[in-house]
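Everything below concerns the one structure shown next.
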Amino acid sequence: MSIRSERKEEHLKLAQMFFNKEKYNSFDQLHLLRPALPETKVDPTILGSKMFGQNVSAPFFINAMTGGSAASKQINQALGQVAQQQNIALALGSASILAKETDQLDSFMVARAEDPDGVLIVNVNPETPISAIKQIIQELNADALQIHLNTIQEIAMPEGDRDFRWLDSIKAIRTAIDLPIIIKEVGFGLDQTSIHLLKVNGIEYFDVAGSGGTNFAQIENARNASDVSYLEDLGLPTVVTALMAWQEQVKFFVSGGVRNPLDILKGLALGGKFVGISNVFLQEYIQNGSTGLDQLITNWKNELAALIAVYGKKDLASLVQIKKYYDLPLKAQIDQLL
Ligand code: FNR
């Protein structure tokens, strides 16, 4: 196995080891005001949405994780199968490995083979050669491209990148690629200045990927001979980074630490067009297989529809109007940062 594939398999093992479904995060400090008399009826059909022009059945999706190793091939096959059955979007893990190891293409292709018509999103790092990105997009018939920004993860890895001058590469990719481009973090959140800089340089979509769920500083620290655990607290909480994206008036997805349908509702109430879930779905698959994950997603759709009715709303577009209030520690961060 190559060093890159080995790293991917280690990430999978460590993401499982550190998984904590009950982990407290910023969603717990955000509350939505609920009417006692909502005058609504539960209607699961209101969850249908359009993502990049295609119909999907829910305003949430499976966010970027795997690809580029034997274990991740099996996972991508299962995720493709579930995404197809549920008609929800699927983002694959970083395909940058394909620029150097073309034999790993299969580990991504299996998802498209299972889900030929669904919304499939390819993920790369900003320094991936444009020729390789074009090839990956074509091979996978991708509907959108995610570019991940992951400075903290890189410095937590002894073998990681040390040059973070990425804007020119992102601009070049923007010019060369004729697909929607989403800039995402990997669990440390996008700050407002960076969102603004990317917006004025032609980026239309953002995935805030804030802190509160999977922590890549913790994962890399476990792989690192020296102690870099101090990096674990450097993330912007998902609620804060979402409020920043809202202020920038960009189209954005909310992700990072989403644990249940209430967190999804909160992400949508914050103005997210879609909500992304990574490790909670991965661990459900690892524990209960694709049938378990499929059932979980069915349950979440029903529960989300029920919550929307309880909160007095009849469609997804009006969820941003729900009155929000914050616990004081989160309110203090918001007051200082926004
Ligand atoms: C990830 N994530 C990720 N992100 C990305 O942009 N490219 C990638 O290749 C990966 N790889 C990856 C592997 C594994 C095993 C996990 C669990 C996660 C990060 C992911 O997309 C997301 O931003 C974070 O995991 C935070 O979301 P959750 O897990 O808290 O829902």
Side-chain angles (χ1 to χ4, degrees), residues 4-5 7-27 60-69 71-72 74-76 79 89-98 104 107-108 111 121-128 136 144-154 156-157 160 166 181-190 205-220 222-223 232 235-239 241-242 252-260 263-264 267 272 274-286 300:
R4 287 180 208 90
S5 295
R7 182 164 71 224
K8 305 238 176 196
E9 307 245 317
E10 282 172 21
H11 286 165
L12 283 170
K13 286 201 187 91
L14 292 165
Q16 182 176 7
M17 193 172 105
F18 290 124
F19 181 61
N20 173 6
K21 204 174 168 188
E22 306 307 326
K23 187 158 133 187
Y24 180 85
N25 68 30
S26 64
F27 285 113
F60 60 87
F61 67 101
I62 307 172
N63 215 349
M65 286 181 285
T66 53
S69 72
S72 56
Q74 197 193 346
I75 293 169
N76 277 346
L79 296 181
L90 166 63
L92 298 174
S94 177
S96 297
I97 189 171
L98 297 178
Q104 289 296 343
S107 66
F108 298 89
I121 304 168
V122 160
N123 180 298
V124 294
N125 70 45
E127 294 304 328
T128 310
I136 298 155
L145 174 70
Q146 285 179 335
I147 303 174
H148 65 258
L149 309 182
N150 64 339
T151 53
I152 308 227
Q153 182 186 8
E154 295 295 342
M157 289 193 272
W166 291 333
I181 292 183
I182 308 152
I183 301 291
K184 84 180 276 288
E185 239 287 347
V186 300
F188 299 94
L190 296 172
Y205 296 94
F206 296 85
D207 179 339
V208 296
S211 68
T214 306
N215 188 328
F216 263 93
Q218 189 182 38
I219 289 176
E220 299 300 352
R223 301 177 56 242
E232 290 171 20
L236 268 179
T238 297
V239 171
T241 171
F252 65 99
F253 304 161
V254 172
S255 74
V258 175
R259 302 154 299 181
N260 55 50
D263 291 345
I264 296 180
F274 284 86
V275 171
I277 298 107
S278 293
N279 210 12
V280 168
F281 282 171
L282 177 62
Q283 298 313 318
E284 180 65 28
Y285 163 69
I286 288 172
W300 279 27

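Indexing begins at 1, ligand by ligand and atom by atom, following the structure's order. Quantities reported herein were computed from a predicted structural model and do not represent experimental measurements.
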Taking the side chain from [X] and the backbone from [Y], do they hold a donor-acceptor pair closer than 3.5 Å?
X	Y	answer
Asn150	Val186	no
Ser5	Gly68	yes
Asn279	Ala15	yes
Thr238	Gly256	yes
Thr128	Ser96	no

Can you pull out the closest protein heavy atom to [atom]? Residue, atom name and distance to 0.1 Å, please.
atom	answer
atom 3 (C) of ligand 1	Ala64 O, 3.3 Å
atom 26 (C) of ligand 1	Gly256 CA, 3.9 Å
atom 24 (C) of ligand 1	Val186 O, 3.6 Å
atom 18 (C) of ligand 1	Phe216 CE1, 3.5 Å

What about [X]: any of its N or O atoms under 3.5 Å from an N or O on ligand 1?
X	value
Ile277	no
Thr214	yes
Ser278	yes
Lys184	yes
Asn279	yes
Asn123	yes

Using a 4.0 Å cutoff against the non-hydrogen atoms of [X], which atoms of ligand 1 qualify?
X	answer
Gly213	30 (O)
Gly257	28 (P), 30 (O), 31 (O)
Gly93	9 (O)
Ser94	7 (N), 8 (C), 9 (O)
His148	6 (O), 7 (N)

| Could Arg7 and Glu10 be called an ion pair, given the rule that one side-chain N must be under 4.0 Å from one carboxylate O? | no

| query | Taking the side chain as C-beta and beyond, is there a heavy-atom pair between Asn123 and Leu92 under 4.5 Å? | reply | no

| field | Check: Phe19 and Val280 side chains under 4.5 Å, non-hydrogen atoms | value | yes

| request: Applying side chain to side chain donor-acceptor pair (under 3.5 Å), run through Glu232 and Gln218 and close with a yes or a no. | output: CA-CA 6 Å; Glu232 290 171 20; Gln218 189 182 38; 4.6 Å; no

| message | Tell me the nearest of Gln283, Lys13, Glu185, Met65 to atom 11 (N) of ligand 1, using heavy-atom distances. | response | Met65

| query | Heavy-atom contacts under 4.0 Å between Gln146 and ligand 1: side chain, backbone, both, or neither? | reply | neither

| query | Which class fits the ring pair Phe274 and Phe61: parallel under 30°, tilted 30 to 60°, perpendicular over 60°? | reply |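 Because their plane-to-plane angle is over 60°, the rings of Phe274 and Phe61 count as perpendicular.
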
| field | CZ-NZ distance between Arg259 and Lys21, expressed to the nearest 0.5 angstrom | value |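 The CZ atom of Arg259 sits 11.0 Å away from the NZ atom of Lys21.
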
